[in-house]
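To start, the structure under review is shown below, and the notes come after it.
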There are 2 protein chains.
Amino acid sequence: MTDRENMLLLVSADHAATGLLGKWLEMNGYRTCVVTTIASALSEIRQRRPLLILLDRQLLVTEGGRRDQFPSTVPIIVLQPFDKSCGQDECLTELEAGFDLVFCSPHSRELLAHIRAILRRHQMPAAAPSVLRVQGLAMDTARHEVTVGGTLVELTPKEFRILHQFLLSPGVVLSRQELLNRVWGEDYALEEHALDVHIHSLRQKIESDPSKPRFVVTIRGIGYKLQAS
Amino acid sequence: MTDRENMLLLVSADHAATGLLGKWLEMNGYRTCVVTTIASALSEIRQRRPLLILLDRQLLVTEGGRRDQFPSTVPIIVLQPFDKSCGQDECLTELEAGFDLVFCSPHSRELLAHIRAILRRHQMPAAAPSVLRVQGLAMDTARHEVTVGGTLVELTPKEFRILHQFLLSPGVVLSRQELLNRVWGEDYALEEHALDVHIHSLRQKIESDPSKPRFVVTIRGIGYKLQAS
DNA sequence: CCGCCTGGTTAAGACTATGTAAACAGCCGT
DNA sequence: ACGGCTGTTTACATAGTCTTAACCAGGCGG
């Protein structure tokens, strides 16, 4: 078998939507390729062997596409614009026709999670770069690597887990107690101050000026948050 | 590997819900099996090898279950009762934790369609190339040979299987448990430390300086990974 | 302006995970 | 049955990580 190009194929005639979505996906470590008709999609699939196809439902309807036109080995997610009505029955039809998912939510993070879930299950080589990003900070959970501005930083297990929690809800203030619960577990008696120490060493590693943190900022009297913007 | 029992495992403490759902699934050709705790689910999984697991989110929360308690080869759909609120973030957390779908709709036909979609995709055999490479390391699965920088190295069966797992997903961290499951089988009581010993002897054979491994690197507190770049 | 409270910083000891070696056990072919 | 090869367990060594505790700095209210 030829090498897969580790790419997602976007099939939609809606330029605005594909532009945004493509950007978002590339920010999250996927290479993308956009085509606007089913015919061109089919030829692209033969040549480039995408990992997964994101197919606009609009196109499916107007061009009368069917699942069995596409290779059955490539997973396909059907995208339904969230502003259009999405009747239960219609979604069902597509699922039953052999598509892997009908996605009708405006939340792109959710779409990303679904893409990852499907690729993960399908065991595709180097498929799911499960990367969380904020500014120049990136965490690849699968590889267990963290980079700041492209350079790798080595974190201890606790530091990694703490930063992971921040990245799961960027911009949201997490109280000390909340963090302790999430990282150490609900029932764990621990000097609350231990967290501060870990935050400190985390800052030493990811902040350019640890005394003026840009990422992990203190909210006095509450806890910490990861600066999102 | 023993024959699968072609069965869906329902994990929920809500008898009313599981009764109805079980009936519905059996009407649609699936054999089902109901358990009410995660612990009993785990033993049932080992014995009966279900095709797919339907897991009540309630139970996941109250018993503090995590995805990696379950064998990664079995797809899991998390069920969220439709009357309870299902925040976007919560669903996301589960998807990102490795579950295949979070289902929060009251329509059982839709659930059925999702089950079919996931099983359909899951049962597709993934085509595997016979030579796997990373840097100077090459494994020919057909010939059952491993070479480092062109020179043949002799591995024992266990060492070969361990290295094979690494090469199937280069760069991604495999937890000890994950490796044990993949190499020894899902249900095998084994001192976790046995793996370390095999890793040690594997390193002796494939690393130029076994004390500073370039290929099989340790991720403290998690497991090991094969350095991809 | 002083003192308290919150968080920052540092270092030392305790602890845990992993590495390493060696003994033991099982299998297989001779 | 014997001997060698694998795999597993045990024991000990070591390096890395976590936690505790003590001290320091700065903001805020009195």
Side-chain angles (χ1 to χ4, degrees), chain A residues 144 146 153-166 173-185 187-227, chain B residues 144 146 153-166 173-185 187-227:
Chain A
H144 220 259
V146 173
V153 289
E154 307 256 345
L155 299 184
T156 71
K158 279 276 148 63
E159 289 160 6
F160 191 91
R161 295 190 62 181
I162 291 171
L163 182 57
H164 186 224
Q165 289 306 319
F166 281 125
V173 181
L174 298 174
S175 71
R176 285 191 161 63
Q177 200 50 54
E178 182 66 24
L179 271 170
L180 288 172
N181 286 343
R182 290 204 201 174
V183 174
W184 276 264
D187 38 51
Y188 198 87
L190 185 77
E191 179 85 27
E192 207 182 56
H193 196 62
L195 177 62
D196 298 20
V197 178
H198 287 290
I199 295 282
H200 174 245
S201 51
L202 179 57
R203 281 176 173 157
Q204 295 294 322
K205 293 178 182 177
I206 65 171
E207 303 282 359
S208 49
D209 180 359
S211 64
K212 292 188 182 55
R214 290 187 314 120
F215 294 122
V216 179
V217 299
T218 306
I219 309 299
R220 200 147 224 278
I222 311 288
Y224 301 94
K225 75 166 178 180
L226 184 68
Q227 197 69 272
Chain B
H144 217 260
V146 173
V153 289
E154 304 262 344
L155 298 184
T156 71
K158 279 276 147 62
E159 288 160 4
F160 190 90
R161 295 192 62 184
I162 291 171
L163 183 57
H164 185 225
Q165 289 307 319
F166 281 125
V173 179
L174 298 175
S175 71
R176 287 194 161 63
Q177 200 51 56
E178 181 68 25
L179 271 170
L180 288 172
N181 287 343
R182 291 204 200 172
V183 173
W184 277 264
D187 39 52
Y188 199 88
L190 186 77
E191 181 81 29
E192 215 181 50
H193 195 61
L195 176 63
D196 297 20
V197 179
H198 286 292
I199 295 282
H200 177 243
S201 53
L202 179 57
R203 281 176 174 158
Q204 294 295 323
K205 294 179 182 176
I206 65 171
E207 302 282 359
S208 49
D209 180 358
S211 65
K212 292 188 181 56
R214 288 187 315 118
F215 294 122
V216 180
V217 300
T218 305
I219 308 299
R220 204 149 224 276
I222 311 285
Y224 301 93
K225 75 170 173 181
L226 185 68
Q227 196 69 275

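Quantities reported herein were computed from a predicted structural model and do not represent experimental measurements. Sequence lines set the chain letters: A, B, ... in the order given, protein chains first and strands last, and positions in each chain run from 1.
- Of the charged side-chain nitrogens involved, none lies within less than 4.0 Å of a carboxylate oxygen, so that A/Asp209 and A/Arg214 do not count as a salt-bridged pair.
- Between C/dG8 and A/His200, no contact under 4.0 Å exists linking OP1 or OP2 to a side-chain N or O.
- Contact annotation: B/Arg203 reaches the phosphate of C/dG19 (side-chain N/O to OP1 or OP2, under 4.0 Å).
- In this entry the distance linking CD1 of B/Ile219 with P of C/dT18 reads 10 Å, nearest Å.
- Atom CG of A/Asp196 is separated from atom P of C/dT6 by 12 Å (rounded to the nearest Å).
- The closest donor-acceptor contact from the side chain of B/Glu207 to the backbone of B/Val216 lies under 3.5 Å.
- Contact check, B/Trp184 against D/dG7: no side-chain N or O comes under 4.0 Å of OP1 or OP2.
- Between B/Thr156 and the phosphate of D/dG7, there is a side-chain N or O to OP1/OP2 separation shorter than 4.0 Å.
- Nearest-nucleotide assignment on DNA chain D puts the 5′-proximal partner with B/Glu192, out of A/Leu155 and B/Glu192.
- Heavy atoms of B/Ile199 sit nowhere under 4.0 angstrom from any nucleic acid atom.
- Within the structure, a side-chain polar atom (N or O) of A/Thr218 is placed less than 4.0 Å from OP1 or OP2 of C/dG8.
- Put simply, CG on A/Leu202 is 13 Å from P on C/dT9, counting in whole angstrom units.
- A/Arg161 places its CZ atom 10 Å from the P atom of D/dC18, with the value rounded to the nearest Å.
- Nearest nucleotide to the side chain of B/His198, out of D/dT8, C/dG19, C/dT9: D/dT8.
- Within 6.0 Å of atom CD in A/Glu192, more than 12 heavy atoms from other residues, nucleotides or ligands are found, so the atom counts as buried in its surroundings.
- Atom CD in B/Glu207 sits about 11 Å away from atom P in C/dT20, given to the nearest Å.
- Residue A/Tyr224 is in sugar-phosphate contact alone, with no base atom involved, counting any heavy-atom pair closer than 4.0 Å across all strands shown.
- Put simply, the side chain of A/Glu159 never gets that close to the backbone of A/His198: no donor and acceptor are under 3.5 Å apart.
- Taking the nucleotide of DNA chain C with the nearest heavy atom to each of A/Gln204 and A/Arg220, the more 5' of the two is matched to A/Arg220.
- Nucleotide C/dT18 holds its P atom 14 Å from the CG atom of B/Leu174, rounded to whole Å.
- Residue-to-nucleotide proximity on DNA chain D shows that, of B/His193 and B/Tyr188, the 5′-proximal contact is made by B/Tyr188.
- Rounded to whole angstrom, the span from the CD atom of A/Gln177 across to the P atom of C/dT6 amounts to 15 Å.
- Note that CD1 of B/Ile219 and CZ of A/Phe160 are 9.0 Å apart. Values are rounded to the nearest 0.5 Å.
- With distances taken from any side-chain atom of A/Lys158 to the nucleotides D/dT19, D/dT8, D/dT10, the minimum falls on D/dT19.
- Remark: P of C/dA14 and CD of A/Glu191 are 17 Å apart, rounded to the nearest angstrom.
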